[in-house]
Amino acid sequence: MKRKITLIIALFISIIAVAQTSNYSFVANSSEENVDNWPERIYDLTIDYKTVNITGKDVKAMVINGGIPGPNLEFNEGEFAIINVTNQMDVETSVHWHGLILPNYYDGVPYLTTPPIQPGETFQYKFALKQSGTYWYHSHTGLQEQRGVYGSIQINPKQTDLEYDKDLVLVLSDWMDENPKTQLRNLKRGNEWYLIKKNQIQSWDKVIARGATGAKLKMMWNRMPDMAILDNYYDNFLINGQPTNDYPEFNPREKVRVRFVNAAAASYFWLTFAGEDPLLVASDGIDVVPIKMNKTLLGVAETYDFIVTIPDSGKLEILATSQDGSGKASALLGTGNIIAAPEVPMPDLIKMMQKMMAMDMKMGAPAAKFNPSRNDSIALMKKYAMKMDHGAMDMKKDSMTMDDKMKMDGGDKMGGMKMGYMVPQEKVIGSNMKTGSNPEFNYNYLKAKQPTQFKNDKPVKEMLFNLTGNMNRYVWSINGVPLSETDKIKIEKGEVVRITLNNLTMMHHPMHLHGHFFRVLNENGEYSPLKHTVNVAPMQKVVIEFDAVEYGDWFFHCHVLYHINSGMGRVFSYDTPRDKRLNAYPLTNLTNEADHIWSWGEVTGASHMTELLYTATNIRNQFTLRGEYGWNENIEAEFTYERWLNSYFRVFGGVNVENEMEDSLEEISTTGVVGIRYLLPMLIDSDLRIDNKLRPTISFATSTMITRHIALYGEYEYQMDFGWITDFEEGTNFEEETTWQVGLEYVLSRDFSIVGSYDNRFGAGGGLSLRF
């Protein structure tokens, strides 16, 4: 009898072990197992245009099989997927299978791993499903994902120890009526309309009322614009394509595995649940040790699975609230009266600014630097690191893991976290130290069901990635180098690649690695979870590591669509031969995507003068046309080319045309100019130049929001002529000219403002400004 019981217990333990390890086994190389006899499951997807109306306005969208989101693709672990994607649009497209381990050629990044799908073509993706869990798919071409090209993937496990009755997939997303390219262009021009529209601008009336003047001045001194959780403006937030969705098919006391996919282009969501706290059971497709969690931050491109219990009576509400507080979406499970989920309070951006500025750190790390080829990532990290006194250091040590303490105290080996191999202290360049950060922004609640550490004998390649950005020009990068200015990062099969992600910006960044899962090192040590996307909170570090077991080239990038399209990405390369099927598709089409020219302009017509400004720019090059015409017939126009050497400093040259005399257009003078432009602290733009008559000129310009809609702006210019070329009248050896303007601008909308100003040449007046 004892023998039978022992055998039964052993069999039960074995089954549980298989169930717990089933969705870890796929981490090995995706191309080695023979899958010829696996059952096939075929899907046909068609990407096309369709007019949709989500907010009351007709918008031309991109849809998959006629819908937003595209259909949920349901598979079983151990099947062979064949997915035929047909492009019925008049532009090329692509599909990336986010989180799936598959052959490099089918990963779906156009020009890197997979050919783009041209108009009228069908591309067939083929890969074995060696994993289970919740994943998703989306276009990896331009901003198409924002316009509707995304959908979910559900892979049912062969075995599971989780108890639930039904599945429900909820795809979260953000929607804008505005053309996404227009929003990106406005972000690049520094247009603050989206913060104004959301009433999140930190104008001086609010700052002074809150006693935050010092913090605001420090922000400006560090050349930092207003705090923002989300740069974009969204008209709506959606769950499965609608702001609110009802699911009455669930019965009281049923347990539902709710599979969340954050398919938003830029929005993080707080998830809150009515009723009893749900059970978090999986992250990024992989089962974790179940834990009750009611308020969870779901980062862009992450997936989470929760098991919820339908109440005895009433609809259970699940609320997805945009992290910036600008909107929400909800799902209602069951029937009856609504049982409301807890509301998430609006974030206090001024309080956040005060806390951020209270830290003793230098801010404003460059998004583009003078020498992109110079590897100075550690120096950059040290320069912009938070400084602490001994008291703060002791407090920080009290909250550290043993591993962190050993590193800080000079321990020469990593011991406390049982990493699976020993790394000398001098090679450890980062940690997950989180003192002072919101605990909701770390992953300590995620614990793997079994150890995830790698073998002891694997060599370790250490890398430091500082996440860098410039909000004024909307350039995003890694280590101050955008994707277009860097080479592939070579890695070798068989090594462990450990990366410290050090966020030097005030934005969250969801960093996604294609074709691999990585460990997110947390306080659970050898049970640190595996993920494919990790959130790196502002001014915080996260350490990840992955087993280099693949081949080919794989993309690593921020999954905020507007950040990747502004340069925040890298390519990991195993340095294996490029697939010959990609010979006609140059990689530069991908790497240079964030470096194309953007242009915008503004014209102001007022009672005393007319002004024109037109700019065309990319990361390094900028062309600017300026013109002024006063009603006293004083005219000046200038065209310049400038080269950005880093995020703040540029050199320029051009030509200036102006009339020498007021009330006369007969004497026009043309001069060549060269000089430097530099963004000073306090967000003051400076210009130092000299023309071909050897006349030096210095000028300054700035603006600031004094209320939600009213900006105060000013310009000052001082020109000197020492007579080095000019022939002065006898007795004169020096001339000078000073021009200045001060004004108020009332922002009516994204494109229009009312302005009033005084110019020392043209007098006072007012009018209308148009941005285009």
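What you see below is based on every heavy atom in this structure, not just the backbone, and it leaves out hydrogens, waters and symmetry mates.
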### Task
Return yes when atom NZ of K328 has more than 12 non-hydrogen atoms of other residues, nucleotides or ligands closer than 6.0 Å, and no otherwise.
no
#### Entry: Salt bridge flag under 4.0 Å for residues E249 and K166
no
### Task
Taking the side chain as every heavy atom from C-beta outward, state whether P278 and I307 have any atom pair closer than 4.5 Å.
no
### Task
State whether D205 and R708 are salt-bridged, where the test is any N-O pair (Lys NZ or Arg NE/NH1/NH2 against Asp/Glu carboxylate O) under 4.0 Å.
no
### Message
Tell me whether Q146 contacts the main-chain N or O of L143 through its side chain, where contact means a donor paired with an acceptor under 3.5 Å.
### Response
no
#### Entry: SB check K255 E163 (cutoff 4.0 Å)
no
### Query
Does K50 reach the main-chain N or O of I64 with its side chain, forming a donor-acceptor pair under 3.5 Å?
no
### Message
With a 4.5 Å cut-off on side-chain heavy atoms, are Q183 and N179 touching?
### Response
no
### Query
Taking the inter-plane angle between the rings of H138 and H96 on a 0 to 90° scale, is it parallel (under 30°), tilted (30 to 60°) or perpendicular (over 60°)?
perpendicular
### Message
Please check this pair: side chain of R253 against backbone of T309, looking for a donor-acceptor N/O pair closer than 3.5 Å.
### Response
no
### Query
Any idea how H508 and Y268 line up, ring-wise: parallel (<30°), tilted (30 to 60°), or perpendicular (>60°)?
tilted
### Query
What ring-ring contact (aromatic ring centres under 6.0 Å, His included) pairs are there with at least one residue in residues 303-332, not counting sequence neighbours?
F260-F306, F273-F306
### Task
Check whether any side-chain heavy atom of I155 lies under 4.5 Å from a side-chain heavy atom of L100, and answer yes or no.
yes
### Message
So does A282 get a backbone contact from the side chain of D287, meaning a donor-acceptor N/O pair under 3.5 Å?
### Response
no
### Ionic contact status for D235 with K57, cut-off 4.0 Å
no
#### Entry: Heavy-atom check, side chain of L332 versus side chain of T244, under 4.5 Å
yes
### Query
Is the Lys NZ or Arg CZ of K197 less than 6.0 Å from the centre of Y233's six-membered ring, within 45° of the axis?
yes
### Query
Do the ring planes of H559 and W136 sit parallel (below 30°), tilted (30 to 60°) or perpendicular (above 60°)?
tilted
#### Entry: Candidates V747, N186, I201 - the one meeting side-chain contact (heavy atoms from CB on, under 4.5 Å) with W193
V747
### Side-chain donor or acceptor of N503 paired with backbone N/O of V536 under 3.5 Å
yes
### Task
Enter the distance from I318:CD1 to L271:CG here, rounded to the nearest 0.5 Å.
8.0 Å
### Message
Quick check for you: to the nearest 0.5 Å, what is the distance between W270 atom CH2 and L319 atom CG?
### Response
13.0 Å
### Task
Return the orientation label for the H516 and W554 ring planes: parallel under 30°, perpendicular over 60°, tilted otherwise.
perpendicular
### Query
Hey, what do you get for NZ (K218) to CE (M359), rounding to the nearest 0.5 Å?
10.0 Å
### Query
Do the non-hydrogen side-chain atoms of M705 and Q202 ever get within less than 4.5 Å of each other?
no
### Query
Any sub-3.5 Å donor-acceptor pair from N245's side-chain atoms to I239's backbone N or O?
yes
#### Entry: Rounded distance (nearest 0.5 Å) linking atom CG of L184 with atom CZ of R189
12.5 Å
### Query
Do you know the tightest heavy-atom contact between L446 and P529?
O-CD, 3.5 Å
#### Entry: Residues K355 and D348 bridged, charged N to O under 4.0 Å
no
### Query
What's the verdict on ring pair (Phe, Tyr, Trp, His ring centres under 6.0 Å) for H509 and H557, showing C-alpha distance, side-chain angles and the deciding distance?
CA-CA 9 Å; H509 296 292; H557 60 88; over 10 Å; no
### Task
Assert yes or no for the condition that the ring centre distance of H140 to F555 is strictly below 6.0 Å.
yes
### Criterion side-chain contact (heavy atoms from CB on, under 4.5 Å) against L172, the qualifying member of L298, V261, N240
L298
### Task
Using modelled atom types only, decide if a donor and an acceptor are shared between the side chain of E523 and the backbone of S528 within a distance under 3.5 Å.
no
### Query
Can you find a heavy atom in the side chain of D231 that is under 4.5 Å from one in the side chain of M471?
yes
### Query
Can you tell me if T55 and N236 form a side-chain donor-acceptor pair at under 3.5 Å?
no
### Task
Verify, without hydrogens or angle tests, whether T468 (side chain) and S477 (backbone) share a donor-acceptor contact under 3.5 angstrom.
yes
### Message
Once you measure the plane-to-plane angle for H532 and Y135, does it fall in the parallel (<30°), tilted (30-60°) or perpendicular (>60°) bin?
### Response
tilted
### Message
Less than 4.5 Å apart, side chain to side chain, heavy atoms only: is that true for F237 and S267?
### Response
yes
#### Entry: Main-chain N/O of L187 paired to N191 side chain as donor or acceptor, under 3.5 Å
no
### Query
Could K447 and Y527 be counted as a cation-pi pair, given that NZ or CZ must be under 6.0 Å from the ring centre and within 45° of the axis?
yes
#### Entry: Side-chain ion pair, R257 and D165, N-O less than 4.0 Å
no
### Query
Salt bridge check: are D277 and K292 linked by an N-O gap of less than 4.0 Å?
no
### Query
Should N502 and L464 count as side-chain neighbours, where that means a heavy-atom distance under 4.5 Å?
yes
### Query
Looking only at atom types and distance, does a side-chain atom of Q540 sit under 3.5 Å from a main-chain N or O of N442, one as donor and one as acceptor?
no
### Query
To the nearest 0.5 Å, how far apart are CG in N470 and OG in S566?
11.0 Å
### Task
May I ask you to check whether over 12 heavy atoms, not counting those of N53, lie within 6.0 Å of atom CG?
yes
